[in-house]
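Within every chain, numbering begins at 1; the chains are lettered A, B, ... in the order of the sequence lines, protein sequences first and strands thereafter. All heavy atoms count here, side chains included; hydrogens, waters and symmetry mates do not.
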Amino acid sequence: MITTRFAPSPTGYLHIGGLRTALFSWLWARKNGGTFLLRIEDTDLSRNSKEAMEAIIKAFGWVGMEYDGEVVYQSKRFDLYQKYIDALLESGKAYRCYMSKEELDSLREAQMALKERPRYDGRYRDFSGAPPEGVAPVIRIKAPLEGEISFVDGVKGEISIAASEVDDFVIARSDGTPTYNFVVAIDDALMGITDVIRGDDHLYNTPKQIVVYKALGFVLPRFFHVAMINNEDGKKLSKRDGATDVMEYRNMGILPEALLNFLVRLGWSHGDQEIFSIDEMIELFDPQTINKSASCYNSDKLLWLNAHYIKQMPNINLAKLLEDYGVRIEGHDKLEMILDATKERGKTLVQIARQIEIILAPALNFDEKAVGKVFKSDTVEILEGFIKMLQGWDRELHLPSDYHAVLEYFVSTKSIGFGKIGQPLRLSLLGELSGAGLDEIMAIIGVDETVLRINRAIDFINNAK
RNA sequence: GGCCCCAUCGUCUAGCGGUUAGGAUCCCAGGUUUUCAUCCUGGUUACCGGAGUUCGAGUCUCCGUGGGGUCACCA
């Protein structure tokens, strides 16, 4: 039985690094028919943000990663932690330290001046005298004095850190609230977490947590420390890289399946496979095969994946999603035609939405550069001729192929090249020179609208003279 | 600075002692397309450096270099 968890602190929005470790944890649990839990690490009451917490849960909802059971809030479990603190105090595995903040600071400064590693010197470890007046003590846990703390990391291999590197760290602040490394170990143990998958910025916390596990007699979980995701320049991700908030990807018109596919391939692979459905990820993912080294965020690849998922998405689903981007075509009788004509022409939903907009609503003006290039002296005559042919057409005009026949017949009877009519017609219909195929556009908007738009262009040309 | 981790095309990666070092993305060229895009074909680009082990090293060992993480009464 596998139980994993994602344990963010509610100090900011969910970013892609967090989403990836969450994804890895979620996949591993799902693959094994196990459990995936969500825990909010909010022991530092002064740094919590309710908005950030809700944003995290919202982001989970958007990408479709459902967690099991109720969200665990550490801030609601202080009584529980207190019991363990008391027990540790009782058994002598933890002790009260009466050193003031000022004393600690000066100790640190002195150590830094000697180029030593700043660390607590253990002065109250075996203290039995009368405690100094007026100092609210912190509780420290007894870490081993010698030897090594080692563990096998599923990603990095065997990790070994000298005990001298781990000091007697604080497990409860002077106000009584417990600290991170203490509660993480307790909660992971109590929640039955078997596999801890997290960022490798936590690698150094692991020995501390192991001290807690050992003191409390808990069984160690398996640890997997995943290397960081850097920005496109290979530097640490920061707010300035934009789009660090997962929900920002939705605003950009990124599909959750594309984002997840992108993230799963950052640090993990399965041979040469690039495209993974959620089911395939679940089937194939294994944290043992996660890469050791850090990777860089690459927007080209994300966009390529996004284009792929847009292209292969059923039109009905696509239409529904497009609503969030200002396009309402659900129930439109030409829905299939509209999407077939546009879904391959954009890398994001925002771009697809724009493609559709310029077809459905006539452009307000004509692209200036295009006008100079395409609207020539004989254009009006040609466009008028085309209107005539369109209106005099005696067969059905529904499908793109119907319009294609008109266009073909037109150029052959007028003995002109497609170029003579193609570009001017496109500019007349869309106001610009790129976009969906002419046949499709006309089939979507119909004869009347087509004629209307061409006439508008003719007026424009005449007025410009 | 101490400790720990990492190192294959620009980027994501395959490789698990013997390969013309593979795929994807990006970029370039050609084809398809009345435009743009899609799609198809082809191409450029990589084992950080130095020792060692070995018949043979991208793969194993050591050193160096570079990058990252961490050293709180934050998480």
Side-chain angles (χ1 to χ4, degrees), chain A residues 7-12 41-44 46-47 74 97 99-101 104-105 108 111-112 115-120 136-140 153 155-157 159-162 164-167 169-181 183-184 199-207 225 227-228 230 232-236 262 265-275 291-305 307 311 342-347 351 355 370 374 404 407-408 411 417-423 425-427 430 432-439:
Chain A
S9 63
T11 50
E41 314 246 302
D42 52 356
T43 53
D44 188 343
S46 61
R47 288 172 36 135
Q74 292 186 322
C97 170
M99 210 169 166
S100 69
K101 254 183 191 154
L104 240 186
D105 285 344
R108 259 189 216 117
Q111 287 168 328
M112 300 269 258
K115 300 214 165 179
E116 280 176 17
R117 189 174 110 78
R119 48 169 306 186
Y120 176 65
V138 298
I139 315 286
R140 289 181 184 272
D153 187 274
V155 175
K156 310 264 188 192
I159 307 286
S160 195
I161 288 164
S164 57
E165 292 294 318
V166 180
D167 61 7
F169 60 94
V170 172
I171 60 173
R173 303 180 180 90
S174 49
D175 66 1
T177 56
T179 60
Y180 173 75
N181 282 118
V183 297
V184 165
D200 74 358
D201 49 336
H202 285 283
L203 196 61
Y204 228 78
N205 287 321
T206 310
H225 288 98
M228 304 278 91
N230 296 135
E232 311 223 22
D233 304 320
K235 300 289 178 205
K236 194 176 175 178
F262 171 71
R265 284 286 289 103
L266 239 41
W268 178 79
S269 60
H270 182 261
D272 289 337
Q273 189 169 345
E274 296 289 348
I275 305 293
N291 247 280
K292 291 170 195 272
S293 54
S295 47
C296 292
Y297 174 84
N298 177 219
S299 59
D300 282 332
K301 193 102 177 225
L302 208 211
L303 256 15
W304 172 73
L305 281 163
K311 272 179 281 181
T342 55
K343 69 203 284 191
E344 291 185 352
R345 291 166 194 281
K347 290 180 188 296
Q351 290 170 4
Q355 290 285 329
V374 169
H404 190 75
L407 223 33
E408 239 172 13
V411 294
F418 261 122
K420 279 276 183 199
I421 173 78
Q423 290 291 68
L425 183 55
R426 164 174 306 283
L427 187 56
L430 295 183
E432 52 190 79
L433 289 182
S434 66
L438 290 172
D439 308 334

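- Between the side chain of Asn205(A) and the base of A75(B), at least one donor-acceptor pair of N or O atoms lies under 3.5 Å.
- Considering only side-chain atoms of Glu165(A), the nucleotide from C4(B), C3(B), C12(B) that sits closest is C3(B).
- At a threshold of 4.0 angstrom between heavy atoms, the contacts of Ile159(A) are confined to the sugar-phosphate backbone, with no base atom among them.
- Residue-level contact check: Ser160(A) touches the backbone only, with heavy atoms under 4.0 Å from sugar-phosphate atoms and none from bases.
- Here Gln74(A) pairs with Glu41(A), Asp187(A) under the side chain to side chain donor-acceptor pair (under 3.5 Å) rule; sequence neighbours left out.
- In this structure, the CD atom of Gln111(A) is 12 Å from the C1' atom of G2(B), given to the nearest Å.
- When the side-chain nitrogen and oxygen atoms of Arg140(A) are compared with OP1 and OP2 of C73(B), one or more of them lie within a distance under 4.0 Å.
- Scanning for side chain to side chain contact (heavy atoms under 4.5 Å, CB included) contacts around Asp439(A) gives Pro400(A), His404(A), Leu407(A), with sequence neighbours left out.
- Partners of Asp105(A) according to the salt bridge (charged side-chain N to carboxylate O under 4.0 Å, His left out) rule, which considers only residues two or more places apart in sequence or in another chain, are Arg108(A).
- The CZ atom of Arg173(A) sits 8 Å away from the C1' atom of C74(B) (whole-angstrom rounding).
- Tyr120(A) is not listed as a side-chain neighbour of Val170(A), based on a closest heavy-atom distance of 4.5 Å or more.
- Rounded to whole angstrom, the span from the CD atom of Gln351(A) across to the C1' atom of C36(B) amounts to 12 Å.
- At a cut-off of 3.5 angstrom, counting only N and O atoms as typed in the model, there is no donor on one side facing an acceptor on the other between the side-chain of Ser295(A) and the base of C12(B).
- Across the C1' atoms, G15(B) and G69(B) are found 27 Å apart, a figure rounded to whole Å.
- Residues passing the side chain to side chain donor-acceptor pair (under 3.5 Å) test with Ser434(A): none are found, sequence neighbours excluded.
- Comparing C36(B) with G42(B), their C1' atoms sit 23 Å apart, to the nearest whole Å.
- For the side chain to side chain donor-acceptor pair (under 3.5 Å) test, no residue two or more places apart in sequence or in another chain qualifies with Ser293(A).
- Put simply, CG on Asp153(A) is 13 Å from C1' on C6(B), counting in whole angstrom units.
- Nucleotide A7(B) is matched to U65(B) when pairs are restricted to Watson-Crick or G-U wobble geometry with both distances under 3.5 angstrom.
- Across U70(B) and A37(B), the matching P atoms stand 44 Å from one another, rounded to whole Å.
- In this structure, CZ in Arg140(A) is found 10.0 Å from OG1 in Thr179(A), a value given to the nearest 0.5 Å.
- With sequence neighbours excluded, no residue forms a salt bridge (charged side-chain N to carboxylate O under 4.0 Å, His left out) with Arg119(A).
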- Query: Which parts of nucleotides 59-69 of chain B does protein reach within less than 4.0 Å, heavy atoms only, written one letter per nucleotide 5' to 3' as B for base, S for sugar-phosphate only and - for none?
  - Reply: ----------B
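- Among the atoms of the strands shown, none is found under 4.0 Å from any heavy atom of Arg119(A).
- When Watson-Crick and G-U wobble pairs are counted only if both distances are under 3.5 Å, U19(B) pairs with no nucleotide at all.
- Per the geometry, NZ belonging to Lys292(A) stands 16 Å off P belonging to C16(B), to the nearest Å.
- Looking at the side chain of Cys296(A), the nearest of the listed nucleotides G2(B), U11(B), C39(B) is U11(B).
- To the nearest whole angstrom, the two C1' atoms, one in A46(B) and one in C9(B), are 4 Å apart.
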- Which parts of nucleotides 19-35 of chain B does protein reach within less than 4.0 Å, heavy atoms only, written one letter per nucleotide 5' to 3' as B for base, S for sugar-phosphate only and - for none? ---BBBSS-------BB
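- Going from the P atom of C60(B) to that of U8(B) covers 13 Å, rounded to whole Å.
- If you take atom P in G49(B) and the same atom in G58(B), they sit 10 Å apart, rounded to whole Å.
- Out of U11(B), C4(B), A75(B), the shortest distance to the side chain of Thr179(A) is found at A75(B).
- Distance CD1 (Ile171(A)) to C1' (C73(B)): 12 Å, rounded to an integer number of Å.
- A straight line from CG of Asn181(A) to P of U70(B) spans 13 Å, rounded to a whole angstrom.
- The main-chain N or O of Lys235(A) is never found under 3.5 Å from a side-chain atom of Asp233(A) such that the two would form a donor-acceptor pair.
- Residue contacts for Val138(A): at a heavy-atom cut-off of 4.0 Å it reaches a base atom on one of the strands shown.
- Proximity of Thr43(A) to the phosphate of A75(B): a side-chain N or O atom is located under 4.0 Å from OP1 or OP2.
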- How far apart are the C-alpha atoms of Tyr180(A) and Ser9(A), what are their side-chain angles, what is the distance that settles it, and do they pass the side chain to side chain contact (heavy atoms under 4.5 Å, CB included) test? CA-CA 10 Å; Tyr180(A) 173 75; Ser9(A) 63; over 6 Å; no
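- Comparing the same atom, C1', in G64(B) and in G18(B) gives a spacing of 29 Å after rounding to whole Å.
- For C73(B), the OP1/OP2 oxygens have no side-chain nitrogen or oxygen of Lys101(A) closer than 4.0 Å.
- Counting non-hydrogen atoms under 4.0 angstrom, Lys343(A) reaches nothing in the nucleic acid.
- Between Arg265(A) and Glu274(A), some side-chain heavy-atom pair lies under the 4.5 Å cut-off.
- Summarising the base pairing, G1(B) is matched to C71(B) through a Watson-Crick or G-U wobble pair whose two defining distances lie under 3.5 Å.
- Between the P atoms of C12(B) and G52(B), the separation comes to 32 Å (whole Å).
- Asp175(A) has its CG atom 19 Å from the P atom of A72(B), to the nearest Å.
- Applying the side chain to side chain contact (heavy atoms under 4.5 Å, CB included) test to Lys311(A) and every residue at least two apart in sequence or in another chain returns Ala307(A), Glu344(A).
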